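Presented below is the structure to which this report refers.
Source: prediction; values computed, not measured.
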Amino acid sequence: MSPTVNMKKYFFLFLILTAGILQSCQKADSPKLVAEKFLNAMSERNYAEAGKYATKETKKLLKQLQKIDELSGPSDDLKPEKVSIVSEEIQGKKAVVYFKEEGNDLEQTITLKKVEEGDNDPEWKVALKKEEIRLNRDPGLDLQQQEEETPAKLPS
């Protein structure tokens, strides 16, 4: 074998290794991927796992949901079915991911934002909005609607 053939092999091997190292250093978690991991963890009622993909505020909400499950028993009302991600819209540090649940044609959304935690690079985290939490399978019933229907004061 000639020295140029050996050099070409080594150069090619060097390029492959360099590309692999560079790719492993990049953050591969897009809003779509984070939302999918979060929703899959929620479908398994794995609040600790879902919390890995959530903002601090959403983690508090997850703790409340976990307590509700512990006190009243698990309810299928807040448990998403198998989800498929439809699309994502990214605007700066905010993103909206559109998804559908198996057996439901309604397209739903989940909000994410880019969060810096400590010295780490910013990461996409689920930032649930109150309106994104459904109380049951009826897509028209959500927390906001419940608040609007509840009277502010009880009559004396």
Mind checking what makes side chain to side chain donor-acceptor pair (under 3.5 Å) contact with Lys100, not counting sequence neighbours?
none
Gap between atom CZ of Phe38 and atom CZ of Phe99 - 0.5 Å precision:
9.5 Å
Residues in side chain to side chain donor-acceptor pair (under 3.5 Å) with Thr58, at least two apart?
Thr55
Exercise: identify the closest heavy-atom pair between Leu62 and Ala54
CD1-CB, 4.2 Å
For Lys52, check salt bridge (charged side-chain N to carboxylate O under 4.0 Å, His left out) against everything at least two apart and list the hits.
Glu49
Search all heavy atoms of Ala50 against all heavy atoms of Met42 and return the closest pair with its distance.
CB-SD, 3.8 Å
Closest non-hydrogen atom pair between Ser30 and Trp124, with its separation
C-CD1, 4.1 Å
Contact summary for Lys114 and Pro122, nearest pair of heavy atoms:
CG-CB, 3.6 Å
Would you mind reporting whether Glu101 and Lys82 have side-chain heavy atoms less than 4.5 Å apart?
no
Mind checking the CG-NZ spacing from Leu61 to Lys63? Nearest 0.5 Å is all I need.
12.0 Å
Under 3.5 Å donor-acceptor pairs involving side-chain atoms of residues 84-98, not counting sequence neighbours:
from: Glu88; atom 1: OE1; to: Lys32; atom 2: N; distance (Å): 3.1
from: Glu89; atom 1: OE2; to: Tyr98; atom 2: OH; distance (Å): 3.4

Rounded to the nearest 0.5 Å, what's the gap from CD on Gln64 to OH on Tyr47? Could you check?
11.5 Å
Nearest 0.5 angstrom please: Tyr53 OH to Glu36 CD, how far?
10.5 Å
How far apart are the closest heavy atoms of Ala35 and Ile110, and which atoms are they?
CB-CG2, 3.8 Å
Distance-minimising heavy-atom pair for Ala127 and Lys113:
CB-CG, 4.0 Å
Using a 6.0 Å cut-off, check whether atom CG of Asp105 has over 12 heavy atoms from anything other than its own residue.
no
I'd like to check the salt bridge (charged side-chain N to carboxylate O under 4.0 Å, His left out) partners of Lys37; sequence neighbours left out, ordered by chain and number.
Asp29
Thr111 versus Leu128: any side-chain heavy-atom pair under 4.5 Å?
no
Students should find that the hydrophobic cluster of Val115, defined by side-chain heavy atoms under 4.5 Å apart, otherwise consists of none
